[in-house]
Q: 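Please read through the structure below; I'll follow up with questions.
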Protein chains: 2
Amino acid sequence: MKPVTLKDIAETLGISITTVSKALKGYPDVSKKTRALVKELAQTLNYKPNAFAVNLRTEESKTIGLIIPEIVHHFFSSVIKGIVSQAEKKGYLVIILQSNESFELEKKQLDLLMNKRVDGILISLANGTADFKHITDIIAQGKPIVMFDKIAKIVKCSKVIIDDRKAAYTATQHLIDTGCKRIAHFRGPLLPQNSIDRFLGYKKALVDNNMEYDPSLVYIFDDMTFEVGEEFARKILAEHTNVDGIFVNTDLVAIGAITEFNRQGVKIPEEISIVGFSNWFMSSAITPSLTTINQPGFEMGKKAFKQLYKELKAKKNKKSVVPKILELETSLVKRNSTRNSE
Amino acid sequence: MKPVTLKDIAETLGISITTVSKALKGYPDVSKKTRALVKELAQTLNYKPNAFAVNLRTEESKTIGLIIPEIVHHFFSSVIKGIVSQAEKKGYLVIILQSNESFELEKKQLDLLMNKRVDGILISLANGTADFKHITDIIAQGKPIVMFDKIAKIVKCSKVIIDDRKAAYTATQHLIDTGCKRIAHFRGPLLPQNSIDRFLGYKKALVDNNMEYDPSLVYIFDDMTFEVGEEFARKILAEHTNVDGIFVNTDLVAIGAITEFNRQGVKIPEEISIVGFSNWFMSSAITPSLTTINQPGFEMGKKAFKQLYKELKAKKNKKSVVPKILELETSLVKRNSTRNSE
DNA sequence: GATTTTACCGAAAACGTTTTCGATTTCGTA
DNA sequence: TACGAAATCGAAAACGTTTTCGGTAAAATC
């Protein structure tokens, strides 16, 4: 009934606990014979080291924490998958918590993870997070932490991101290249860096092409829902009949807009061209299929863990690490919601 | 630098470690005065109990494991969210692993969790899992485990499910009630219980209504993708021109089919009515919106954890638990992919 | 045969907590 | 004053592992 321990093996073999431990861990100072004996008995008794004891002794749990704003979200769940798959390969398990886009909750979850003494932390910031003391405190304690996607530029730690500004620039430029003259932007919330950068990329593309930047063409939404896309599509039709292109912060909203335009008989891309962001799998399914920016979530998760792993290793060897910014490549996926560029 | 321990507090206060521990944990045999002193110092020193030591001593980690076939999936990510949110309320953290619908991986992940000595396990079986020794072994060891969604009826443990057969029956009956005379079924893989039950519900509805059950109208798919929906829609049009209703195993595939029918100019619901399964949020977004069965993922996650929690408590009090089958209510969500029932 | 080297083993401390149980002090009451 | 009860405290064991360090026995060297 009780799980078998080193002591059990030692006693039945008439040797010391020390030797058993060393035999199992491949220490050189134990004879071939006893090593074989120990390993065999451990096998037949189905011995599994008590993780709690190992944790206490080694001061590490081979467990990392992950804080994410929202689990039910295609992009984030892809990231989770990337993290979990990579962590598993290196023998790490991952504890998931959700901040629900709340700063307060984010702090609380971080605290939980620290109390559990996870070896390291992966985090994508909540939209509302503007104060970073909870993060810098952790860094000060020497606990490895890496941010991804929704990051804070000001905080000194490793990050894995995409170049939102460049990607948004590319998206907007594509609208311009395919003949759009008046381009609106469905922007995300005011705060998170992504949202800001995508907006800036949009704006810069306009300016670089000598097109007027008109603030009234920027629609801000807090909730990234399908319905918001529908609503903004209606607004555009009502308020700006001359708009012939829209760069949307995220695919889901873009698809909502497409649905509404379809319903109203507005021709895409002839009358209005649309570019989304994320390359959600539904964007190739909708009619017309959505031109969008591919945002590699799975890859981001993998890279984020890999970086954290490096820092965990470094910490073990008492080496210091210089924070690293990993920028993943994005690409424009041309589909049928924009015209052909000649 | 080093985290503060009970010893640190004891030494600066000139009392024993025992008393400090008792003061913090509210034992009655410590005076108001020292209790206050200890608590205050603990506060100012920001003392956090070493989770590793607590784990070792108490033989529990306040951590549970969760194994899921696929993280990037709307239904499952809803379940995850339900589990995590509920677990957090009770002070539990959750470790997520993914079986990738592989039996071998499932076994391996279960092993990992057992080695980590999680307090309990939540699992939704992989499609390929037909042998359950890895599960019963765990039950035999007295570790609480509860299954959800994709379960094994034969295994004696608590489960939280929906009545797939009944829901499928309702869905099919709705097609019949709205005038469909020849109803096809896009069925999931052969193995998992859900897939079987939904098929059986479909079949029973036909028989109960004196309609012919025609095996050639049942299309089996292994991958639940949008593309499969498109493909089967084409097949239906090619092979069975008289089909006027389809009950589809899952919304994503149904939406693929709708897209293809739209493309081909087949009128929904006039020429072909469609009912899906899951109530994925996109099913209200597509045109025509999809009539479907609402499958409460978040709720399922919550209930699954609650049941596990009960069993964890029971185990602590050395009480035995009788496995419980929790059946969640589903409902038919009528939308525009089926006709009005008069 | 004496000495050094090598191979092998185990005692013991340590990680930080929880909890039992016995010891001491304080208090109330006769 | 004396005695029992109540209040308060601490020593010590225990959880199971890892690792240092010293010790003994065997093998190698001269």
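Chain naming here is simple, since letters A, B, ... match the order of the sequence lines and numbering starts at 1 in each. Side chains included, hydrogens not; waters and symmetry mates left out as well; all remaining heavy atoms used.
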Q: Is the shortest side-chain N to carboxylate O distance from B:Lys143 to B:Asp119 below 4.0 Å?
A: no
Q: Please check if the side chain of A:Ser158 supplies one atom and the backbone of A:Lys324 the other of a donor-acceptor pair under 3.5 Å.
A: yes
Q: Hey, could you give me the NZ/CZ distance between A:Lys107 and A:Phe103, rounded to the nearest 0.5 Å?
A: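 Atom-to-atom, A:Lys107:NZ and A:Phe103:CZ are 4.0 Å apart.
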Q: Hey, does B:Thr5 reach any base, or is it just sugar-phosphate, or nothing, if we go heavy atoms under 4.0 Å?
A: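 Result for B:Thr5 = sugar-phosphate.
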Q: Contact class for A:Phe52 vs. all strands (heavy atom < 4.0 Å): base, sugar-phosphate, or nothing?
A: nothing
Q: CD of B:Glu60 to NZ of B:Lys315: how many Å apart, nearest 0.5 Å?
A: 9.0 Å
Q: Measure up the B:Phe76 and B:His73 rings against each other and bin them: parallel (under 30°), tilted (30 to 60°), perpendicular (over 60°).
A: tilted
Q: Would you mind reading off the distance between B:Lys48 atom NZ and C:dT17 atom P, rounded to a whole angstrom?
A: 13 Å
Q: Would you say D:dC15 has OP1 or OP2 under 4.0 Å from some side-chain N or O of A:Lys7?
A: no
Q: Rounded to whole Å, please give me the gap between CG in A:Leu37 and P in C:dC8.
A: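 Atom-to-atom, A:Leu37 to C:dC8, this comes out as 14 Å.
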Q: Sugar-phosphate atoms are those with a prime plus P, OP1 and OP2; base atoms are the rest. Using that split, label each nucleotide of nucleotides 7-13 of chain D B, S or - for protein heavy atoms under 4.0 Å, 5' to 3'.
A: -BBBBBB
Q: Considering just the side-chain nitrogens and oxygens of B:Tyr47, establish if one lies under 4.0 Å of OP1 or OP2 belonging to C:dT17.
A: yes
Q: Taking only residues two or more places apart in sequence, or in another chain, which ones meet B:Lys81 in a salt bridge (Lys or Arg N to Asp or Glu O under 4.0 Å)?
A: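 By the salt bridge (Lys or Arg N to Asp or Glu O under 4.0 Å) rule, B:Lys81 matches A:Glu70.
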Q: What is the distance, to the nearest angstrom, from the NZ atom on A:Lys25 to the C1' atom on C:dC8?
A: 19 Å
Q: Return the value, rounded to whole Å, for the distance between atom CD of B:Glu60 and atom P of D:dC15.
A: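 Rounding to the nearest Å, CD of B:Glu60 and P of D:dC15 are 17 Å apart.
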Q: Nearest-Å distance, CG (A:Leu24) to P (D:dG16)?
A: 16 Å
Q: Between CD of B:Gln109 and CG of B:Asn100, what distance do you get to the nearest 0.5 Å?
A: 8.5 Å
Q: Could you tell me the separation between the CG atom of A:Leu13 and the P atom of C:dC9, rounded to a whole number of Å?
A: 11 Å
Q: Find the distance B:Leu56:CG to D:dC15:C1' and express it as a whole number of Å.
A: 4 Å
Q: Could you tell me how far apart A:Asn55 (CG) and C:dT17 (C1') are, to the nearest whole angstrom?
A: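 Those two atoms, CG and C1', are 14 Å apart.
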